[in-house]
There are 2 protein chains.
Amino acid sequence: MNLHDLKSVCGSCTIRELCLPAGLSDEEVHLLDQHMDHRQVVSKGDYLYRVGDPFRSLFAVSSGFFKTVLLHEDGRGQITGFQMMGELLGLEAIHSDHHVCDAIALEDSAVCAISFDQFEQLGQIMANLQHRFNKDLSREIVREHNVMMLLGSMRSEERLANFLIDLADRHAHRHQSSVEMTLRMTREDIGSYLGLKLETVSRLLSRFHDEGLLEVRGRRVKILDRNALALRRTETHN
Amino acid sequence: MNLHDLKSVCGSCTIRELCLPAGLSDEEVHLLDQHMDHRQVVSKGDYLYRVGDPFRSLFAVSSGFFKTVLLHEDGRGQITGFQMMGELLGLEAIHSDHHVCDAIALEDSAVCAISFDQFEQLGQIMANLQHRFNKDLSREIVREHNVMMLLGSMRSEERLANFLIDLADRHAHRHQSSVEMTLRMTREDIGSYLGLKLETVSRLLSRFHDEGLLEVRGRRVKILDRNALALRRTETHN
DNA sequence: AGGGTACAATGACATAAGTCAAAATCTGAT
DNA sequence: ATCAGATTTTGACTTATGTCATTGTACCCT
């Protein structure tokens, strides 16, 4: 039995309610299972897909952590998101039938692949699934709106505070500690996502640490004063 | 007969191929027409919808020009996009059944409203339409990725050059001049979208003007040297 | 266990873009 | 046509963040 090519089974999946099948009935999930593709392991540092790869499947993160990177011709890169358990990868590729960014595992991970052709067919006979999927696409648009707000209108401290609170909330939603977290990405990755340089991120973390909002030891972060941190997300935080 | 409440008819619409029905057969468009809601006029400065409004319809811009603005609690606002003829408004609202940004007409405009409930039903019986819509949602995600790149990794000059070229291309795609354009938005709007202050936008326009890339007279812009302008979009433009 | 490579922290300094202010221009209403 | 308010331009100055350089730390591989 090969871990790299295991059939996905949403029906018995522990994160079913965090993922694509959330809200579907047992029968519907069973139907979805019959159309699921394989399960796939991706080691830390490996690419799940790259710019230009033909688009065949959507991926649901089953375990682990990913980043998606948009590459600019002149070598610059922009991290457009970090994906954890239950989140979908590949939505950007539907438009052109090709992936337009790289997806890279930041720790040993596993994904469930969903053939998009089959998924669309299934959507035709399962209004619920299609509706959920429309919502997932819309949610991604909303998330990106919020990142635009962050990048376009916030100062560095606000950006980092938002980032940390968002990360904590996503952990909480997965029943993981939203107080102690280990960051899966480098300071440079955080900087890229937030439109800052790694030195700035490092300085801000030190500042939050010195001010007693966080305890930072390398990639281990402990949120000591969530309220105070949350206030730093906005201009008017006196 | 009231312009404010005219039945939409995609079948005879001049921008049919720029809009939602692009690529559909005549029969399919006919079916779509039967499910279209009303046509609606929006005067310059008016809101098509506001944050918190319940989501009932998607809107296709039939004529005119809109901006969408995301409001932050502390009063700051971020423009998340400018929409012209054939583009869809309201995609962000599917997720929560409520609009999460304001849509404001920047000139006298008209939109076609599409009841989303009916649209989803139609998608169930018309795979082509559903497929196109998935692509439209994905395209919006890609567009926002590119804005994130712009806001997160580019310098002010590059941002403005990108903005102008993008605008020109969208005009060209609509068979409008991509050389002479009149900007529908203020310098402040441009600045908000690009994460810059209006003074910076003004200075950059003056600079491009002085360098002979553009002719700028208020909101009339003429692109004199498209190639040179296109080069300014990237770091390595010596 | 040790040694090498990647990552992170910190200081000194540079600079792109922001801020504040004044003048110029445009626009729309009467 | 005229005026008032909105928008744009431009200048002088400030500042947040970037850049460069150094040292410190952690992690991975044999």
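The sequence lines fix the lettering, A, B, ..., with proteins before strands; numbering per chain opens at 1. Note that these values count all heavy atoms, side chains included, but never hydrogens, waters or copies made by symmetry.
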[N] phosphate, OP1 or OP2, under 4.0 Å from [X] side-chain N/O:
X        : N      : value
B:Ser156 : C:dA17 : yes
B:Thr186 : D:dA6  : no
B:Arg203 : C:dA16 : no
B:Ser202 : D:dT10 : no
A:Lys44  : D:dC28 : yes
B:Thr200 : C:dG18 : yes

Atom pair distance, as rounded to whole Å: [atom1] in [X] and [atom2] in [N]:
X        : N      : atom1 : atom2 : answer
B:Glu157 : C:dT15 : CD    : P     : 17 Å
A:Met185 : C:dC7  : CE    : P     : 14 Å
A:Lys197 : C:dA16 : NZ    : P     : 13 Å
A:Leu204 : D:dT17 : CG    : P     : 8 Å
B:Arg155 : C:dA17 : CZ    : P     : 6 Å
B:Leu198 : D:dT10 : CG    : P     : 13 Å
B:Arg220 : C:dT25 : CZ    : P     : 20 Å
A:Leu151 : D:dT17 : CG    : P     : 13 Å

SB check B:Asp169 B:Arg226 (cutoff 4.0 Å):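 A salt bridge is present here (some side-chain N lies under 4.0 Å from a carboxylate O).
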A:Gly218 vs A:Met154, nearer the 5' end of DNA chain D by closest nucleotide: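 Result: A:Met154.
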Listed nucleotide nearest any side-chain atom of B:Glu199, set D:dG18, C:dT19, C:dT10: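 For B:Glu199, the side-chain atoms sit closest to C:dT19.
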From D:dC20, D:dG18, C:dA9, nucleotide with atom closest to A:Arg187 side chain: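 Closest nucleotide to the A:Arg187 side chain: C:dA9.
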Which residue lies more 5' along DNA chain C, comparing B:Arg159 with A:Arg219 via nearest heavy atoms: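 Closest to the 5' end, via its nearest nucleotide, is A:Arg219.
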Residues B:Thr182 and B:Arg184: side-chain donor-acceptor under 3.5 angstrom: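 Short answer, yes.
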Pair B:His145-A:Glu144, side-chain donor/acceptor within less than 3.5 Å: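 Yes, a side-chain donor-acceptor pair sits under 3.5 Å.
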From A:Leu106, A:Leu167, A:Asp189, residue fulfilling side chain to side chain contact (heavy atoms under 4.5 Å, CB included) relative to A:Leu183: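 Of all the options given, the one that passes is A:Leu167.
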Main-chain N/O of B:Arg170 paired to B:Arg174 side chain as donor or acceptor, under 3.5 Å: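 Answer holds: yes.
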Sugar-phosphate, base or nothing in reach of A:Gly195, heavy atoms under 4.0 Å: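 A:Gly195: backbone/sugar contact only, no base atoms under 4.0 Å.
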